[in-house]
Amino acid sequence: MTQPQSKTFITWLLHSSFSVFVVVSSLWLCIALWVQQPLGVLLSRVLIGIWLAFALSVLGVYATHFFSRKKDVLLYIIGFLMALGWYLSLQPQQNRAWNPEVARLLSYEQQDNLVTLHNVRNFSWQADGSYIERWETRRFDLNQISGVNIITSYWMGPQIAHTLVSFDFDNSAPITFSIEIRKEKNEDFSAIGGFFRQFELSLVASDEKDIIYTRSNIRGEQVYFFPVKMPVAERRALFEEYLAKADQLAQKPKWYNTLTSNCTTLVFDMVQAVSQKSLPTDYRLIASGYLPNYLHDLGVINPHIDMASWYQQAHVNPKSRGKNLSSAQYSALLRQGVVKP
């Protein structure tokens, strides 16, 4: 390749790379503006339109640039860096107008093996989705943890599920932990919004009749209950990891992220932290609907039963459909017909 050809190729490569950067960065910024609406609905959409027109001019889609190509490129870079600075300055908060389901922060007191949990949720859910609020204080002896269960709740197809973890005790009712978005009043979940700092992270400790029944009987999600094999020391360590997560969120709120900080990846991180052996990363930690299959392959879910049989016996909905049960009866029903690890 001659020197002029080499120079032409390098120029083409630079222009092509910058064009790709403009397309990707503009798409990212427009979605961020759409989700965050920093200037309100109308003005934010106007700003999106102006930015798109400017980006198209930088790409040369129009016959003329806003100013000149060099100035447009420079202005684009400066503008994007300012927008990036705005986005990175967004901080999670504790004092928003929260949805009642996540209005209170979990807190606790611990003396050796005895733990007192405050703000344990035990709502009474009605068929129309309404509820009677009830927050409780519950006490647990960590030496009495007798089992750990993974619950997966499917709400948007087989690939994606919400993951919950329930602890069994010899001398008290089970307790379920769920890492969720901390929704504001009149706010709905958005997977896209979860990529763009729309939601804070929340840790909910709840009665099983509340947080699992809500999904299986009120929202119509397909729920599965899997007892998992875990050494006694790791069960306690995992419970204490949840306590540490409660401390972290109380001291400093964090953003929920659909990909990196969600109900499954954070549970995996906690299990990894307490596990005596390293757990392999796997695509099924992202495609969380297949998490039970991943755990089955690891032998954490009883491997002597095939997954088709597991899904059949772990399915909560057919057991609970149309039944009005007490908390203790519902917890017993979840475990009915399910083989222990």
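We use all heavy atoms of the structure for the numbers below, so side chains are in, but hydrogens, waters and symmetry mates are not.
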Judged by atom type as modelled, is there a donor-acceptor pair below 3.5 Å linking the side chain of Trp51 to the main-chain atoms of Gly79? no
Distance check, rounded to the nearest 0.5 Å: Ile181 atom CD1 versus Ser261 atom OG? 14.0 Å
Between CD1 on residue Ile151 and NE2 on residue His162, distance to nearest 0.5 Å: 9.5 Å
Testing the 3.5 Å rule here: is there a donor-acceptor pair between the side chains of Tyr294 and Thr264? no
Parallel, tilted or perpendicular: which one describes the rings of Tyr224 and His315, with boundaries at 30° and 60°? parallel
Exercise: do Gln144 and Asn171 side chains pair donor with acceptor under 3.5 Å: no
In terms of relative ring orientation, are Phe54 and Tyr76 parallel, tilted or perpendicular, with 30° and 60° separating the classes? tilted
Is a side-chain N or O of Asn119 found less than 3.5 angstrom from the main chain of Leu105, in a donor-acceptor match? yes
Judged by atom type as modelled, is there a donor-acceptor pair below 3.5 Å linking the side chain of Asp306 to the main-chain atoms of Ser309? yes
Does Tyr108 have any ring pair (Phe, Tyr, Trp, His ring centres under 6.0 Å) partners at least two apart in sequence or in another chain, and if so, which? none
Does a side-chain heavy-atom distance below 4.5 Å link Ser172 with Asp141? no
When rounded to the nearest 0.5 Å, the distance separating OG of Ser26 from CG of Leu33 is 10.5 Å
Trace of the side-chain contact (heavy atoms from CB on, under 4.5 Å) decision for Leu266 with Asp269: CA-CA 5 Å; Leu266 291 176; Asp269 290 343; 4.2 Å; yes
Step-by-step side-chain contact (heavy atoms from CB on, under 4.5 Å) determination, Asn113 to Arg236: CA-CA 9 Å; Asn113 58 297; Arg236 171 171 179 152; 3.6 Å; yes
Which atom pair, heavy atoms only, marks the closest approach of Arg215 to Leu164? NH1-CD2, 4.2 Å
Between Met230 and Phe140, is there a shared hydrophobic cluster once you connect ILVMFWY residues whose side-chain heavy atoms come closer than 4.5 Å? yes
Within 6.0 Å of CG in Asn324, more than 12 heavy atoms from elsewhere: no
Mark yes or no for whether His118, through its side chain, and Glu109, through its backbone, hold a donor-acceptor pair below 3.5 Å. no
Between Glu180 and Val102 the two heavy atoms that sit nearest each other are OE1-CG1, 4.3 Å
Ignoring hydrogens and angles, state whether a donor on the side chain of Tyr131 or Thr214 is under 3.5 Å from an acceptor on the partner side chain. no
Exceeds 12 heavy-atom contacts within 6.0 angstrom, atom CD of Gln110: yes
Would you give the length of the straight line joining atom NZ of Lys245 to atom CD of Glu240, rounded to the nearest 0.5 angstrom? 15.5 Å
Would a distance-only check, ignoring hydrogens and angles, find a side-chain to backbone donor-acceptor pair under 3.5 Å from Thr258 to Ala191? yes
When you group the ILVMFWY residues by side-chain heavy-atom contacts below 4.5 Å and let the links chain together, are Tyr256 and Trp98 in the same group? no
Can you name the closest pair of heavy atoms from Gly193 and Ser190 and give their distance? N-OG, 2.9 Å
With a 4.5 Å heavy-atom cut-off, do Leu106 and Leu243 have their side chains touching? no
Side-chain donor-acceptor contact under 3.5 Å, Gln93 with Arg182: no
Taking Phe268 as the starting point, is it possible to reach Leu201 by hopping between hydrophobic residues whose side chains are less than 4.5 Å apart? yes
Neighbour count >12 (heavy atoms, 6.0 Å) for atom CG, Asn186: no
Hydrophobic clustering (ILVMFWY, side-chain heavy atoms < 4.5 Å, transitive) - are Leu333 and Val338 grouped together? no
Please report the closest heavy-atom contact between Ile175 and Ser206, naming both atoms and the distance. CD1-O, 3.5 Å
From CA spacing to verdict: side-chain contact (heavy atoms from CB on, under 4.5 Å), Asp207, Tyr330: CA-CA 10 Å; Asp207 187 273; Tyr330 185 74; over 6 Å; no
Return yes when atom CG of Leu90 has more than 12 non-hydrogen atoms of other residues, nucleotides or ligands closer than 6.0 Å, and no otherwise. yes
Side chain Asn317, main chain Val223, donor-acceptor under 3.5 Å: yes
Does a salt bridge link Arg335 with Asp168, judged by any charged N lying under 4.0 Å from a carboxylate O? yes
Ser44 side chain to Trp34 backbone, donor-acceptor under 3.5 Å: no
May I ask you to check whether Trp255 and Phe196 place their ring centres under 6.0 Å from each other? no
When you look at CD of Gln111, are more than 12 heavy atoms from neighbouring residues, nucleotides or ligands closer to it than 6.0 Å? no
Anything under 30° is parallel, anything over 60° is perpendicular, the rest tilted; go ahead and classify Phe226 against Tyr311. perpendicular
How many angstroms lie between CZ in Arg321 and OG in Ser216, if you round to the nearest 0.5 Å? 9.5 Å
Contact between Ile31 and Phe195 at the side-chain level, heavy atoms closer than 4.5 Å - yes or no? no
Validation row, ring centre Phe80 to ring centre Phe21 under 6.0 Å: yes
Sub-4.5 Å side-chain heavy-atom contact between Glu187 and Gln198: yes
Note: Ile305 and His296 closest approach over all heavy atoms is O-NE2, 2.6 Å
Would you list the pairs meeting salt bridge (charged side-chain N to carboxylate O under 4.0 Å, His left out) in which at least one residue belongs to residues 76-90, sequence neighbours left out? none
Quick one: does Ser288's side chain have a donor or acceptor within less than 3.5 Å of a partner on Ala161's backbone? yes
Phe225 side chain near Lys319 side chain, heavy-atom distance below 4.5 Å: no
Check whether any side-chain N or O of Arg235 sits under 3.5 Å from a backbone N or O of Ser146 as a donor-acceptor pair, and report yes or no. yes
Tyr87: which residues meet the ring pair (Phe, Tyr, Trp, His ring centres under 6.0 Å) condition with it, sequence neighbours left out? Trp28
Between Gln36 and Arg197, is there a donor-acceptor pair closer than 3.5 Å when you use the side chain of the first and the backbone of the second? yes
Under the salt bridge (charged side-chain N to carboxylate O under 4.0 Å, His left out) rule, what pairs show up with a residue in residues 113-133, not counting sequence neighbours? Arg121-Asp210
Quick check: do Val165 and Val148 have side-chain heavy atoms less than 4.5 Å from each other? yes
Can you list every pair that meets salt bridge (charged side-chain N to carboxylate O under 4.0 Å, His left out) and has a residue in residues 286-305, with sequence neighbours left out? Arg284-Asp297
Restricting to ring pair (Phe, Tyr, Trp, His ring centres under 6.0 Å), what partner residues turn up for Tyr242, sequence neighbours left out? Phe177
Rounded to the nearest 0.5 Å, how far apart are CD1 of Ile179 and OG of Ser202? 9.5 Å
Do Leu325 and Tyr213 make a side-chain contact, defined as non-hydrogen atoms from C-beta onward lying under 4.5 Å apart? no
With clusters defined by side-chain heavy atoms of hydrophobic residues (ILVMFWY) lying less than 4.5 Å apart, directly or transitively, does Val267 cluster with Phe189? yes
Under a 4.5 Å cut-off applied to non-hydrogen side-chain atoms, are Val271 and Glu234 in contact? no
